[in-house]
Trainee: 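Please find one structure pasted underneath; my questions will follow.
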There are 2 protein chains.
Amino acid sequence: MEEHRHVTIYDIAEKLNLAASTISRALKDHHSISDKTIKKVKQTAKEMGFVPNTLAAGLRGNVTKTIGILIPTVTQPFLSSLISGIEIAAQKSDYSVIIMQSHDSYQMEVDMAKSLYSNRVSGVICSLAMETKDTSHFKQFSNNNIPLVFVDRVPKDYDTFRVVINNYLAGYKATKHLIEQGCKRIAHLTAESEFGTLYNERKRGYIDALLEHDIPLQDNLIISLKEMTYDAGVKACNLLFDLKTPPDGLFAPGDILAVSAVQTAKKRGIKVPDQFAVIGFNNDPISEIIEPNISTITHPAEKMGKAAAELIIKNLKSVKEEDAKEITFLNTQVLIRESSRKI
Amino acid sequence: MEEHRHVTIYDIAEKLNLAASTISRALKDHHSISDKTIKKVKQTAKEMGFVPNTLAAGLRGNVTKTIGILIPTVTQPFLSSLISGIEIAAQKSDYSVIIMQSHDSYQMEVDMAKSLYSNRVSGVICSLAMETKDTSHFKQFSNNNIPLVFVDRVPKDYDTFRVVINNYLAGYKATKHLIEQGCKRIAHLTAESEFGTLYNERKRGYIDALLEHDIPLQDNLIISLKEMTYDAGVKACNLLFDLKTPPDGLFAPGDILAVSAVQTAKKRGIKVPDQFAVIGFNNDPISEIIEPNISTITHPAEKMGKAAAELIIKNLKSVKEEDAKEITFLNTQVLIRESSRKI
DNA sequence: TTTCTTTACACAATCGGTTGCTTAAATATT
DNA sequence: AATATTTAAGCAACCGATTGTGTAAAGAAA
């Protein structure tokens, strides 16, 4: 096997007896290069298998056209859809995407933020790790005018772009839907310790919906979970069903939890939705497949990704407007399916 | 907001009255730098918020410590687990990961391969797009000694690293399991047009298992699908159930198809597994959650990712051995769950 | 004391594409 | 015909980390 060297613009320049700068300009259709030359250069570039070295371009121009994504994991449906959205928007503007998984660890998030900065990404899209309380490791981006967009799990006290849904309203709508279906004792699962506001907001919506419909709030119908997993959901639901007066409805702030609830109910001979109506959150693929289908709140993951990516790309092009540090709210919808349709 | 410049080793050098080269060496504990100097340099580097510019290092050293991943999509459970595996192995050796989705389009794969090359990734891990017949766009890596590893959906005629499972054996084992459960008429779903060998191999295993157990092969029990989706699965299963003598078992080469089969059967009042036993493939999360649980073939996604990443990292360190272009086979297991357990 | 080896650091080239400035020729304007 | 403008392309600095080579000074060996 031969040892090829990467083909550079200098190789092309030599072959055509032109200056490297001419090659560089010709390849980007610079106006000061004649059409003949441009055609000739592009032709030979292709023949020689020239591929520009983005490192060199990035180093010189301080522009990498790369968006860094820093999220807990790629395996959650919501997050992998988010990536898809980012990736599609990025691709349109010829940006690359570099992905890092914090696995919900604060230390990893810190390290990876550094690594992204080290790679001189053009912008960063982040959904915070569960563990993260302090967000000072993101200052390096803000301080160097690298656009930073938080998505979904966002810090409350950081002055930058945020793309979120209205979790309060979503929680309210979900709960209201259950009330409208005739539920009188609606349970809710939430996160035990949270540094963001995501689950708290959903819970607030739940509470307000109840109060607004004159349904007394009952502490024993609200269970805080350490982890939002299937098994944790099963355990919690069993506790609920063991109550003297068990709930007749549940707002689960995640579809996996909703699935666990539906299945636990079925196992105990509790009819869903007649005796126990369930609504989840996210519209994960599984919610459509499981039987009965799970009613859910849509979480526009791809749209959020697209919005976040566009914020970065736009912001890099436009002049910096201080007032652009806005929050983008995307809409959610109640998707009524079998698990909660009683009337 | 102040306009910070990125802190460079020159800034540190100036502050400490040292040469930039000394700073560079001190930061990597070069033996020719005194401990005092090293300590002093690291200290001020931290104080000044220095973060090395990997572009500069990559340009100079032609080493980026970045692994490029080129896959159809991140949303498939198998592939997102694959990424996780790669990412974890990469992280251990301080490599970054850059992900691109071909969305099963040949043209996108070509473009993205170019982009990865343009970014001078250290190595590439790829699972081919469905559309891809020609793999010449990967030659740029081979020609420039950039390690290339194909995973799962691999070309049959490309001389490079491959990390796969034994699809033939897996198909054989799955089918044999159904036979052992007493199934006599076992159906199979497969891909209509395939340029790789993945589904063909599974089908070969299916056929051989039948023949070996003196079960006649019946063409009408094998259905080729355009897409391996839930809906396509439902349609195919309805065709199967409409046969004069419908099947009493199914080997589906994907869990989504298995789920569709189980649910279609249930809807038609066919008892699973008693009248119709099903085994899937991949051990997707859903296979454990759906009721009845789906028997399946494990597909060691994380392990494959880990193996692929390690191949790249190892290969970059070690001297090039021509005979290293090997195929790594990882094991699969039959996971017997409710959907096929009759005895 | 002289010579050899470490130790400690500086100088300058290098990676490859970009871009401001300059030169030179061709075309347009007065 | 003289000057202004446009077109075409070259020169060289630059981005920031790395590394081979060079050069002192200090310590070790002869």
Side-chain angles (χ1 to χ4, degrees), chain A residues 4-42 44-45 48-66 94 114-115 117-122 144, chain B residues 4-42 44-45 48-66 94 114-115 117-122 144:
Chain A
H4 292 241
R5 295 279 318 107
H6 298 286
V7 180
T8 73
I9 55 170
Y10 293 96
D11 299 329
I12 304 174
E14 196 176 12
K15 187 162 211 166
L16 293 180
N17 268 314
L18 288 172
S21 54
T22 304
I23 309 299
S24 172
R25 291 188 171 108
L27 289 171
K28 342 187 86 79
D29 295 309
H30 194 279
H31 67 274
S32 81
I33 307 293
S34 67
D35 284 352
K36 265 173 292 176
T37 309
I38 289 181
K39 208 158 279 174
K40 201 167 45 174
V41 168
K42 286 189 176 173
T44 24
M48 298 176 72
F50 169 76
V51 179
N53 183 331
T54 52
L55 298 177
L59 176 58
R60 163 66 216 229
N62 216 30
V63 194
T64 54
K65 295 204 107 182
T66 301
D94 208 31
K114 198 173 189 174
S115 171
Y117 179 72
S118 184
N119 276 288
R120 296 296 186 269
V121 291
S122 309
N144 288 286
Chain B
H4 291 240
R5 294 280 319 108
H6 298 287
V7 179
T8 72
I9 55 169
Y10 294 96
D11 300 329
I12 304 176
E14 196 177 11
K15 187 162 210 166
L16 294 179
N17 267 313
L18 289 171
S21 53
T22 304
I23 309 298
S24 172
R25 290 189 171 108
L27 290 171
K28 349 187 80 80
D29 294 309
H30 195 279
H31 66 276
S32 82
I33 307 293
S34 67
D35 284 354
K36 265 174 293 177
T37 309
I38 290 181
K39 206 157 282 175
K40 202 167 44 174
V41 168
K42 286 190 176 173
T44 23
M48 297 176 71
F50 169 76
V51 179
N53 184 330
T54 52
L55 298 177
L59 175 59
R60 162 66 215 232
N62 217 31
V63 194
T64 54
K65 297 204 103 180
T66 300
D94 209 30
K114 196 174 193 177
S115 171
Y117 179 72
S118 185
N119 276 289
R120 296 297 186 268
V121 290
S122 309
N144 288 287

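Small disclaimer: the values here were computed from a predicted structure and weren't measured. Quick note on labels: first sequence line is chain A, next is B, and so on, each numbered from 1.
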Trainee: Toward the 5' end of DNA chain C, which comes first, B:Ala56 or B:Thr37, by nearest nucleotide?
Mentor: B:Thr37
Trainee: Touch check for B:Ile23, heavy atoms < 4.0 angstrom, all strands: base, sugar-phosphate only, or nothing?
Mentor: nothing
Trainee: With side chain to side chain contact (heavy atoms under 4.5 Å, CB included) as the criterion, how do A:Thr37 and A:Arg25 come out once you've worked through the C-alpha distance, each side chain's angles and the decisive distance to 0.1 Å?
Mentor: CA-CA 10 Å; A:Thr37 309; A:Arg25 291 188 171 108; over 6 Å; no
Trainee: Indicate, with a heavy-atom threshold strictly under 4.0 Å, whether A:Ser34 touches base, sugar-phosphate, or nothing.
Mentor: sugar-phosphate
Trainee: Look at the side chain of B:Thr8 and the base of D:dC15, then say whether one donor and one acceptor between them are separated by less than 3.5 Å.
Mentor: no
Trainee: Could you check how far CD1 of A:Ile33 sits from P of D:dT6, rounded to whole Å?
Mentor: 17 Å
Trainee: Output, in order, the C-alpha distance, side-chain angles, deciding distance and verdict of side chain to side chain contact (heavy atoms under 4.5 Å, CB included) for B:Phe50 and B:Ile23.
Mentor: CA-CA 11 Å; B:Phe50 169 76; B:Ile23 309 298; over 6 Å; no
Trainee: Take atom NE2 of A:His31 and atom P of D:dT6, then tell me their distance rounded to the nearest Å.
Mentor: 10 Å
Trainee: Are any of B:Ser24's side-chain N or O atoms less than 4.0 Å away from OP1 or OP2 of D:dA17?
Mentor: no
Trainee: Find out whether A:Lys15 and A:Asp11 are in side-chain contact, i.e. whether some heavy atom of one side chain is under 4.5 Å from a heavy atom of the other.
Mentor: no
Trainee: Closest-nucleotide mapping onto DNA chain C: is B:Asn17 or B:Arg120 further toward the 5' terminus? I mean the 5' end.
Mentor: B:Asn17
Trainee: Over all strands shown, is A:Thr54 touching base, sugar-phosphate only, or nothing at heavy-atom distances under 4.0 angstrom?
Mentor: nothing
Trainee: Measure OH/A:Tyr117 against C1'/D:dG16 and give the value in whole Å, please.
Mentor: 12 Å
Trainee: Are A:Leu27 and A:Ile9 packed together at the side-chain level, in the sense that at least one heavy-atom pair is separated by less than 4.5 angstrom?
Mentor: yes
Trainee: To the nearest 0.5 Å, what is the distance between CD1 (B:Ile38) and NZ (B:Lys28)?
Mentor: 12.0 Å
Trainee: Separation of B:Asn62 atom CG from D:dG16 atom P, in whole Å?
Mentor: 20 Å
Trainee: Closest approach to the side chain of B:Lys28, judged atom by atom: which nucleotide of D:dA12, D:dT18, D:dA17 is it?
Mentor: D:dT18
Trainee: Is any side-chain heavy atom of A:Asn119 closer than 4.5 Å to a side-chain heavy atom of A:Thr64?
Mentor: no
Trainee: Reading DNA chain C from 5' to 3', where do the contacts with chain B start and stop? Cut-off is 4.0 Å to heavy atoms.
Mentor: C:dA8 to C:dG16
Trainee: Could you tell me which residues satisfy side chain to side chain contact (heavy atoms under 4.5 Å, CB included) with B:Lys40, sequence neighbours excluded, listed by chain and number?
Mentor: B:Leu16
Trainee: Given atom CG of A:Asn144 and atom C1' of D:dG16, what is their separation to the nearest angstrom?
Mentor: 15 Å
Trainee: Using rotation axes that map the C1' atoms of four end pairs onto the next four (five pairs an end), what angle separates the end axes of the helix from C:dT1-D:dA30 to C:dT30-D:dA1, to 10°?
Mentor: 40°
Trainee: Taking atom P of D:dT7 as reference, at what distance in whole Å does atom CG of A:Asp35 sit?
Mentor: 11 Å
Trainee: What is the separation between atom CG on A:Asn53 and atom P on D:dC15, rounded to the nearest whole Å?
Mentor: 18 Å
Trainee: Report the nucleotide, chosen from D:dC14, D:dA9, D:dG10, that has the shortest atom-to-atom distance to any side-chain atom of A:Arg60.
Mentor: D:dC14
Trainee: May I ask you to say what B:Asp11 touches in the nucleic acid, namely base, sugar-phosphate or nothing, with a heavy-atom cut-off under 4.0 Å?
Mentor: nothing
Trainee: Between atom CZ in B:Arg25 and atom C1' in D:dG22, what is the gap in whole Å?
Mentor: 11 Å
Trainee: Do side-chain atoms of A:Ser122 reach the backbone of A:Thr66 as a donor and acceptor pair under 3.5 angstrom?
Mentor: yes
Trainee: Given B:Asn53 and B:His6, is the side chain to side chain contact (heavy atoms under 4.5 Å, CB included) satisfied, shown in steps?
Mentor: CA-CA 9 Å; B:Asn53 184 330; B:His6 298 287; over 6 Å; no
Trainee: On DNA chain D, compare the nucleotides closest to A:Ser21 and B:Gly61; which residue's is nearer the 5' end?
Mentor: A:Ser21
Trainee: Checking the side chain of B:Thr54 only, and the main-chain atoms of A:Ser118 only, is there a donor and an acceptor separated by less than 3.5 Å?
Mentor: yes
